[in-house]
2 protein chains.
Amino acid sequence: MQFRTSLELGLLIRRARRARGMTQADLARAAGVGRQWIVAIEAGKPRAELGKAFQTLAALGLSLSIHGEGIPEPPSSRVRIAVPDIEAVVGAHQDPES
Amino acid sequence: MQFRTSLELGLLIRRARRARGMTQADLARAAGVGRQWIVAIEAGKPRAELGKAFQTLAALGLSLSIHGEGIPEPPSSRVRIAVPDIEAVVGAHQDPES
DNA sequence: CATGAATGTCGCTGATCGCATACATTTTAG
DNA sequence: CTAAAATGTATGCGATCAGCGACATTCATG
């Protein structure tokens, strides 16, 4: 699921927390932050600390991925495909006299 | 590409920035932050503001995605598949007398 | 309805932020 | 090698953070 703002991130964290039956206090303890901080991040606070956000995602077992120009692609989309040598194929089917 | 720490995020931002031939000052201007902040985030500063990180990713045209328990999956992996009614199939092939 | 849990808000505090500017160091070109 | 550009670092500043404890409010559940 894609997202681009702290507000969206907050909603996703809340969803994941509830899906695990955790309370804000539970998550706060698991992530090593104050309960108040969880309240803030779930509300989409944009000036929250980046590091604590990572801790929180880790505590929820969530993983982030990023993609775009200049970002390495995952191996699965880099599978090598045998590319036929067009000239050779054409040559093999050509009239020997042409 | 997956990542879980601010350090990794910093390296990815630097890579993307360079892939675009931008200088730290360029990116800072584009993202609406101070150049000093770019220096810090690229170095992996964990206490940086979340919101500015989003601005920076946006300025680079990068997109984030998250996944795990409780996070909605993209439509492509939610394709509906017709599930046969096993009982009906079995019934249709049963000996009428059984 | 009543009670306890979960959640949101407030004020306080020391600590840190991010910006600006200036300077030091490293990298890139010619 | 040298000069310029890019990058990293230091200081000073006002602004904000995050945690804490205490409440206020909302949600569950019997």
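Each chain gets a letter, A, B and so on, in the order its sequence line appears, and its residues count up from 1. Values in this document were obtained by computation on a predicted structure and should not be read as measured data.
Note on B:Arg29: every side-chain N or O is 4.0 Å or more away from OP1 and OP2 of C:dC19. Put simply, A:Lys45 has no side-chain N or O that comes within less than 4.0 Å of OP1 or OP2 on C:dG8. Residue A:Arg17 places no side-chain N or O under 4.0 Å from the OP1 or OP2 atom of C:dA6. Put simply, A:Thr23 has no side-chain N or O that comes within less than 4.0 Å of OP1 or OP2 on C:dA5. Of the side-chain N and O atoms in B:Gln36, none sit less than 4.0 angstrom from OP1 or OP2 of C:dA20.
Between the side chain of A:Arg35 and the base of C:dG8, a donor-acceptor pair under 3.5 Å is found.
No side-chain donor-acceptor contact under 3.5 Å links A:Gln2 and B:Ser65.
If you find the closest nucleotide of DNA chain D to B:Arg14 and to A:Leu50, the one lying nearer the 5' end belongs to B:Arg14. Between B:Arg47 and B:Gly32, the residue anchored nearer the 5' end of DNA chain C, judged by the nucleotide with its closest heavy atom, is B:Arg47.
Proximity of a side-chain donor or acceptor of B:Glu8 to a complementary backbone N or O of B:Thr5 within less than 3.5 Å is detected.
Looking at the side chain of A:Lys52, the nearest of the listed nucleotides C:dT7, C:dG18, D:dG19 is D:dG19. Of the candidate nucleotides D:dG19, D:dT9, C:dG18, D:dT9 has the atom nearest to the side chain of B:Val39.
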